Every structure is written in structure tokens, then in C-alpha cells.
2 protein chains.
Amino acid sequence: MPTYKFDRFDRRILEALQTNGRLPNIDLAGDIGLSPSPCSRRVRLLEESGVIKGYSAVLDQEHVGLGLTVFVGIKVERHREKEAEAFREAVSVLPEVVMAHLVSGESDFLLQVVVPDLRAYEDFLTGTLLKLPGVRDIRSNFAIQTVKPQSPLPLAHLPG
Amino acid sequence: MPTYKFDRFDRRILEALQTNGRLPNIDLAGDIGLSPSPCSRRVRLLEESGVIKGYSAVLDQEHVGLGLTVFVGIKVERHREKEAEAFREAVSVLPEVVMAHLVSGESDFLLQVVVPDLRAYEDFLTGTLLKLPGVRDIRSNFAIQTVKPQSPLPLAHLPG
DNA sequence: GCTGAAATTATATGTCC
DNA sequence: GGACATATAATTTCAGC
């Protein structure tokens, strides 16, 4: 379903649930100015249509012992499609890789990697990343400070 | 609270709630092999201690009309601390910026920017980013394909 | 600490207007 | 979309291990 006819209620639901995914329906309904029944219906429709892909607990990285975030740029050899797909598959199953994109520019791939510390990153880099097939170059950019943590998507372009 | 004495139950709770932040307590309890009472207590402690920072609905970017993700590297002038703080503050309040870090390497800051399309990015780049104080250089890397979407933090280093 | 059961309260859902 | 009734689920308490 590529399109979805949003109105201002849907937009406010999405904004509220991005900020608090466990907001009780009764509170959500009150916040957006709707009674619980239609609010619940809308949320279900948004879930079933795939607009809401799921819900997630947001953890404090430091608290769970994950002190190091690294943004990794990877250049690869020119691949045939079959090899390229194998590379993407290999990257996407690595737990330490919490996000990965094919990008334009200097690197071919940009990965966000999360590990406990520098020692763990060293192991991951030499033991895993550098052994991926077709890797030509890896550039590691270490996060020194979080300026803005992962935040809600901007929905200002939707009706409302 | 910089440390937290996790055991295997806490780890499994965190893993489960990262995957499904709305998993009913009764189901969560069953999954991790605990009865509902202690399971509920543990979740509450994890929330109160800040290990669980919150919950969020995960949206489908395309479905909500946000077709373009750009990873933006920014180099800045040497700042005094007061100016540096002003820059970080300015970046962190921009809705289009869904994540931002101070990083080592080529750029000083790395931003993840989400907008509807190239036209919107053009406006954002020229109208907002390039006008931030002290910007020396901006490099835009466009996401061509999502290899792995934002995914749960790896907790394999915790007990369990 | 956990289990299990029961009671209470809160929340979600379905039906009908 | 709203109101109301019904069904689910969460939370608390307490006994016993």
C-alpha cells in the first residue's frame, strides 16, 4: 500500500505514538480529541496497513554496557548482483550493525555499529568486517558525543 | 545509575521489548520463563532506573511520505565552547535531523536527515543547514537503499 | 527472589446508534 | 465518530517455598 489517506487525527496519532509507543489508547484519544473507539480503530488500521511497522522499547546504550558507537564507511569491489546481495545479507545479519544503508558518495555502504568498547570494536573490525567478501576499504568514525539521539520522524508535511 | 546488575531474565526482557515494545506482560513472562508478577516488577525497575528510556512506534518511512534519507557530514570552524554548544543545540532541535553525533574523522558532525524528497532536502540544506553558524563544509551522502533498518541493540555481552 | 491464586483496577474492543 | 457494554490485561497482595 504505497499511499494512505491521512488526516489530522492520523498524524497526531503517529506523532504521539512515536514519542510514547505505550500511550494508553484512552489517553491517546483524549490527547488528539477523539473518543477511545475511533482512536483504537485508527491505530489498528495504521498497524494493519503497515504505516506502523511495530513498537520498540528504547534502551539507554550506556546503561546496557554499549559505550561505543561507530559509523563505518565501506567501499567494495564492483560486484555482480548476486555477490552484492550476498554482501548486503552478510551485513544485515550482524547484531553489532544496528543500521546499514547503501549510499552515494565516498563510501558504498554506511553502517552504524554499536559495541561495548574499543576492544570489542577492534575484534569486530578485524574478525568480522574486514573478512566480508569484496571489501576494499573501511573507514571508522567514532561517535564522541551524542548530539541528538534517534528521534521521531518529522511529520510536518502531513495534513494537520 | 551507571551500573545495573542484570541477570538472564533482564536480558531476555530487554531483547523481547526491543523487538515488540507492546508485548503484553503475560506473554513476556511466558516467553522468558517467569510468572507475570516478577516479570512486571522487573520491567518497572528497568523503566525507573532509566535502562528502558521509553517506548516508540516504528513507522514506515515511505508510507508516511518520507522517501529520502541523507547522511550529512559537517565540518565547523574551531569553536569556543559556548559557540559549540549553540551549534549542537541548533542542530538538535531541527525536526528533519533524526540523529546527530559529534564524530572523529573527516567530519566533525554526522547527521541523519529525513525529508520527503530531493526538493525538500535542497530547501533544508540551503535554507537551514548552510545557515548554521560556523559551518565550513557540508557533505551529503544520499541513502540509495536500506540494507538494514534501525534494529535492536546487541545484548550478547550481557549475562544469559 | 519466585510461584500461584485472587482481587482490584485499568485498558482495549466490539456493538449499536 | 460516540456511548456503552463486554472482554483483556496489568497490578497488587498475600501465602508458601
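Treat the numbers as computed from the prediction; the structure is a model and nothing was measured. Just so it is clear: chains get the letters A, B, ... in the order the sequence lines come, proteins before strands, and each one is counted from 1.
Between the CG atom of Asp27(B) and the C1' atom of dA10(D) there is a distance of 12 Å, rounded to whole Å. Rounded to an integer number of Å, the gap from Ile32(B) CD1 to dG1(C) P is 15 Å. Separating the CG atom of Leu28(A) from the P atom of dG1(D) is a distance of 12 Å, rounded to the nearest angstrom. One can place OH of Tyr55(B) at 11 Å from P of dA10(D), the figure rounded to the nearest angstrom. For the pair Arg12(A) CZ and dG1(D) P, the computed distance is 13 Å after rounding to whole Å. For Glu48(A) and dT13(C), the CD to P distance is 11 Å, given to the nearest whole Å.
For residues 149-160 of chain B, there are no side-chain hydrogen bond (donor to acceptor under 3.5 Å, both in side chains) pairs, not counting sequence neighbours.
Legend: residues meeting ring pair (Phe, Tyr, Trp, His ring centres under 6.0 Å) with Phe9(B), ordered by chain and number and at least two apart, are absent. Evaluation of the salt bridge (charged side-chain N to carboxylate O under 4.0 Å, His left out) rule for Asp27(B) yields no partner, not counting sequence neighbours. Glu77(A) meets the salt bridge (charged side-chain N to carboxylate O under 4.0 Å, His left out) test with no other residue; sequence neighbours excluded. Annotation: salt bridge (charged side-chain N to carboxylate O under 4.0 Å, His left out) contacts of Asp60(B) (sequence neighbours excluded): none.
Residue Phe9(B) is out of contact with every strand shown, counting any heavy-atom pair closer than 4.0 Å. Among the protein residues, Arg22(A) comes within range of no part of the nucleic acid, since none of its heavy atoms lies under 4.0 Å from any strand.
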Per-nucleotide protein contact along nucleotides 11-17 of chain D, 5' to 3', at a 4.0 Å heavy-atom cut-off (B base, S sugar-phosphate only, - neither), is SBB----
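Relative to the side chain of Ile26(A), the nucleotides dT11(C), dG1(D), dC2(C) differ in distance, and dT11(C) lies closest.
Counting heavy-atom neighbours within 6.0 Å of Ile26(A) CD1, excluding the residue itself, gives a total of 12 or less.
Sequence order on DNA chain C of the closest nucleotides to Asp7(B) and Leu23(A) puts Asp7(B) first from the 5' end.
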